[in-house]
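Only this structure's heavy atoms are used, side chains among them; waters, hydrogens and symmetry mates stay out. Model, not experiment: these values are computed from the prediction.
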Amino acid sequence: MTVADLLPSRYYAFAGAIAITVLASMAALFDSRWLLLAGAAGILSLLGIRDYVQTRHAILRNYPLLAYFRFFFEAIRPEIRQYLLEGDNEAVPFSRAQRSLVYQRAKNVESRQPFGTGENLYLAGYEWINHSLRPVQIDDFDFRVKIGGRACKEPYSCSVLNISAMSFGALSANAVRALNKGAKLGNFAHDTGEGSISRYHREHGGDLIWEIGSGYFGCRTPDGHFDPQRFALQAREPQVKMIEIKLSQGAKPGHGGVLPGAKVTPEIAEARGIPVGKDCLSPAQHSAFATPLELVEFISLLRGLSGGKPVGFKFSLGHPWEFFGVCKAMLETGIRPDFIVVDGGEGGTGAAPTEFTGHIGTPLQEALLLVHNTLTGLNLRDEIRLGASGKIISAFDIARTMALGADWCNAARGFMFALGCIQSLSCHTGRCPTGVTTQDAWRQRALVPEDKATRVYNFHRNTLHALAELTGAAGLRHPGEIEPRHIVRRVSGNEIRLVANLYKFLKPGELLTNPKAHVVYEYYWPLATSNSFDPQPGSDTHVIAALL
């Protein structure tokens with residue numbers, strides 16, 4: 001064991017203050033001139049002790065005394081603060097204003113913007129929602145949507161804002177505890193991520209969406225294949241409300257992963273059903289199915305094994321013909337997923353290669369529009385609920401996403417901010433300064449679940465309250481009533497358009513009677529088949545690519 005193990009560098013200032021206090025006090029016994037130094041060091045020592053034992057500020061618990069330097073930089077001029085704390089905007093997924101909004105709502109601080117909007121109203125891309133001269137007062141802002149089709153025996157009443165998929169292992173035990181307790185307090189759902197259901201997900205009993213990835217963690221055989229018996233055992237637990245098959249994720253679609261053996265602790269091994277200390281593979285594709293038909297049959301199998309709970313899939317849109325093939329399989333078999341979650345390519349994770357994060361995966365807006373339009377055009381939309389995730393933070397983000405077709409939204413980073421994340425961009429190092437994304441026991445002790453669970457709950461409640469105010473201002477009573485005609489976008493310095501006029505929205509059943517209703521369907525629909533995810537042979541894909 002090294003000195004660094006016994007005394008990490010982040011405690012050097014605190015330890016130094018204590019050492020100076022002791023030495024100066026001893027020296028003062030012989031020379032009173034040392035009393036001043038002993039007193040000053042003693043005050044710093046007491047301050048460091050208070051930092052270390054208090055429970056509200058994770059950064060102070062992990063960095064006694066040193067954290068005040070960060071607070072000093074936050075307090076100086078805004079442009080310097082932005083330079084010091086954010087640096088290159090391309091490297092930081094969310095702006096300071098967005099983080100500030102989450103922190104205010106998580107801490108129950110009233111959020112107001114003095115001196116007008118911080119947005120540039122005349123910059124292309126600026127969006128707003130049109131208000132009504134007859135606004136509506138909404139008192140009950142516990143907005144919910146029922147998920148569960150005809151084959152579902154246990155439909156779930158889902159909040160319109162839930163915690164997106166983040167696994168135990170990527171997050172610390174205390175972070176999982178806080179998220180799940182917050183979900184319990186606010187009666188909303190907590191997606192487990194593909195790392196399965198850990199003991200920490202179960203402690204507080206918050207509603208769970210169990211995500212099943214290609215590694216089948218929590219329901220796998222020793223060789224990594226799907227195990228029906230193990231799945232049924234966990235899926236029938238009352239705490240599990242929905243089952244989500246992860247086909248791909250926005251941050252790194254088409255990319256598998258390896259969890260190094262050194263990171264496979266007994267707790268992670270217990271949750272995932274894998275050996276302790278051995279490398280664990282998450283393949284890029286599933287082994288339980290290989291065609292669209294097999295996928296929908298797998299959905300039906302899981303629904304039966306779970307006792308009739310809602311089962312759906314999450315994916316990041318790639319080749320359109322692959323999703324169209326799944327839709328054709330739905331039509332041929334009559335099997336429907338209860339829900340589909342569209343994960344935008346702008347999603348983030350510390351485990352994604354840079355090129356995948358920046359250049360793989362369709363952005364949420366375009367992907368959601370295609371999925372919503374396809375299901376509408378095939379008369380499937382009323383049977384299948386749509387979730388959406390991808391940089392959703394504010395009430396307006398939720399409103400705009402629901403206007404484009406979503407029934408509910410999932411957020412990851414917003415809830416991480418509520419936990420105390422400061423975007424140090426060190427998620428992959430194990431040295432998270434606030435204890436959110438580390439398995440280091442001493443670092444994660446800084447995150448006190450009881451305190452942060454309240455902040456998770458506050459962020460959810462205050463965001464939905466803001467959504468109610470926004471919805472009521474538009475003259476509506478539920479965010480599900482927000483339509484593309486309510487959202488306006490500036491497309492250039494001197495032109496604005498309703499979102500309803502920017503995109504083509506298919507009518508119910510239109511695709512069944514006219515597969516050429518839109519250029520995407522005209523060229524991609526013939527490529528799709530329910531028997532394979534590959535395109536139909538003989539198609540001129542080069543021409544298609546050029547046209548699109």
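Around the CZ atom of Arg431, the shell of radius 6.0 Å holds no more than 12 heavy atoms that belong to other residues, nucleotides or ligands. The number of heavy atoms from other shown groups lying within 6.0 Å of CD (Glu522) is above 12.
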Practice task
Could you check Glu294 against Thr291 for side-chain contact (heavy atoms from CB on, under 4.5 Å), going step by step and ending with a plain yes or no?
Solution key: CA-CA 5 Å; Glu294 291 178 358; Thr291 69; 3.3 Å; yes

Problem - From CA spacing to verdict: side-chain hydrogen bond (donor to acceptor under 3.5 Å, both in side chains), Gln365, Tyr503 - result: CA-CA 11 Å; Gln365 179 174 280; Tyr503 304 101; 2.5 Å; yes

Handout entry: Stepwise side-chain contact (heavy atoms from CB on, under 4.5 Å) test for Leu467 and Val160
Key = CA-CA 10 Å; Leu467 179 62; Val160 299; 4.1 Å; yes

Practice task
Determine, stepwise, if the pair Val436 / Leu447 fulfils side-chain contact (heavy atoms from CB on, under 4.5 Å).
Solution key: CA-CA 7 Å; Val436 177; Leu447 195 161; 3.8 Å; yes

Exercise for the section: Report the C-alpha distance between Ile392 and Asn410 in whole Å, list the side-chain angles of each, state the deciding distance to 0.1 Å, and finish with yes or no for side-chain contact (heavy atoms from CB on, under 4.5 Å). Expected result: CA-CA 7 Å; Ile392 294 172; Asn410 294 331; over 6 Å; no

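Listed by chain and residue number, Leu317, Val342, Thr362 satisfy the side chain to side chain contact (heavy atoms under 4.5 Å, CB included) test with Ala367 (two or more places apart in sequence, or in another chain). Applying the side chain to side chain donor-acceptor pair (under 3.5 Å) test to Arg177 and every residue at least two apart in sequence or in another chain returns Asn174, Glu203.
Phe298 is listed as a side-chain neighbour of Phe226, based on a closest heavy-atom distance under 4.5 Å. In this structure, the side chains of Leu386 and Trp408 stay at 4.5 Å or more apart for every pair of heavy atoms. A 4.5 Å side-chain heavy-atom check between Phe339 and Val311 finds every atom pair outside the cut-off. Here the side chains of Ile268 and Val276 are not in contact, with every heavy-atom distance at 4.5 Å or above. Side-chain contact between Ile398 and Leu161 is present, with at least one heavy-atom pair separated by less than 4.5 Å. Contact check for Met166 versus Leu171: side-chain heavy atoms found under the 4.5 Å cut-off. Side-chain contact between Leu506 and Asn373 is present, with heavy atoms from C-beta onward closer than 4.5 Å. Phe415 has its side chain out of reach of Val102: every pair of non-hydrogen atoms, C-beta onward, lies at least 4.5 Å apart.
The closest donor-acceptor contact from the side chain of Arg497 to the backbone of Arg489 lies at 3.5 Å or more, if one exists at all. Remark: side-chain polar atoms of Glu481 are paired, donor with acceptor, to backbone N or O of Arg477 under 3.5 angstrom. In terms of modelled atom types and a separation under 3.5 Å, the side chain of Tyr457 and the main chain of Lys184 share no donor-acceptor contact. Panel note: side chain Arg236, backbone Leu305; a donor-acceptor pair is recorded below 3.5 Å. For Thr376 (side chain) and Pro508 (main-chain N/O), no donor-acceptor pair under 3.5 Å exists by modelled atom type. Under a 3.5 Å cut-off, the side chain of Ser248 and the backbone N or O of Ser316 do form a donor-acceptor pair. Proximity of a side-chain donor or acceptor of His286 to a complementary backbone N or O of Lys246 within less than 3.5 Å is detected. The main-chain N or O of Asn162 is never found under 3.5 Å from a side-chain atom of Ser159 such that the two would form a donor-acceptor pair. When atom types are taken as modelled, the side chain of Ser198 and the backbone of Tyr200 share a donor-acceptor pair closer than 3.5 angstrom.
Across every non-hydrogen atom of Asn379 and Gly509, the tightest pair is OD1-N, 3.1 Å. Taking all atoms of both residues into account, the shortest heavy-atom contact from Leu470 to Ala399 is CD2-CB, 3.8 Å. Of all non-hydrogen atoms in Thr401 and Ala388, the two that sit nearest each other are CG2-CB, 3.5 Å. Leu464 approaches Phe143 most closely through the heavy-atom pair O-CE1, 3.9 Å. The two residues Phe533 and Ala290 make their nearest non-hydrogen contact at CD1-O, 3.4 Å. Among all heavy-atom pairs drawn from Cys152 and Pro155, the shortest one is SG-N, 3.5 Å.
Of the N and O atoms on the side chains of His319 and Tyr524, not one donor lies less than 3.5 Å from an acceptor on the other residue. Using a 3.5 Å distance cut-off with no hydrogens or angles, the side chains of Tyr521 and Thr374 do pair a donor with an acceptor. Between the side chains of Glu332 and Ser530, at least one donor-acceptor pair of N or O atoms lies under 3.5 Å. If you check the side chains of Arg144 and Ser157, you find a donor sitting under 3.5 Å from an acceptor. No side-chain donor-acceptor contact under 3.5 Å links Asn180 and His204. A donor-acceptor pair shorter than 3.5 Å can be found between the side chains of Asp343 and Ser389.
Residue pairs satisfying the salt bridge (charged side-chain N to carboxylate O under 4.0 Å, His left out) criterion with at least one member in residues 368-390, sequence neighbours excluded, are listed as follows: Arg150-Glu383, Arg336-Glu383, Arg381-Asp407. Listed by first and then second residue, the side chain to side chain donor-acceptor pair (under 3.5 Å) pairs involving residues 300-311 are Arg303-Asp338 (not counting sequence neighbours). Screening residues 392-402 for salt bridge (charged side-chain N to carboxylate O under 4.0 Å, His left out) gives Glu127-Arg400, Asp397-Arg400 as the qualifying pairs, with residues at least two apart or on separate chains.
Glu154 has no carboxylate O lying under 4.0 Å from a charged side-chain N of Lys241, or vice versa, which leaves the two without a salt bridge.
The aromatic rings of Phe188 and His460 lie parallel to each other, with less than 30° between the two planes, well short of the 60° mark.
Atoms SG and CE, from Cys158 and Met242 in turn, are 5.0 Å apart once rounded to the nearest 0.5 Å. Residue Leu511 holds its CG atom at 4.5 Å from CG of Leu378, rounded to the nearest 0.5 Å. If you take CE on Met416 and CG on Leu419, they are separated by 7.5 Å, rounding to the nearest 0.5 Å. Atoms CZ and OG1, on Arg443 and Thr437 in that order, are 10.0 Å from each other to the nearest 0.5 Å. Put simply, NE2 on His190 and NE2 on His201 are 4.0 Å apart, with the number rounded to the nearest 0.5 Å. Note that OG1 of Thr192 is 12.0 Å distant from CG of Leu179, once rounded to the nearest 0.5 Å.
Taking the centre of each ring, Phe417 and Phe459 stay at or above the 6.0 Å mark.
Figure legend: cation-pi geometry between Lys328 and Trp525, with NZ or CZ positioned under 6.0 Å from the six-membered ring centre and within 45° of its axis.
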Identify every side-chain donor-acceptor pair in residues 208-215 under 3.5 Å, counting partners at least two apart or on other chains, and give the distances.
from   : atom 1 : to     : atom 2 : distance (Å)
Glu211 : OE1    : Lys314 : NZ     : 3.0
Glu211 : OE2    : Glu194 : N      : 3.0
Ser214 : OG     : Pro283 : O      : 2.5

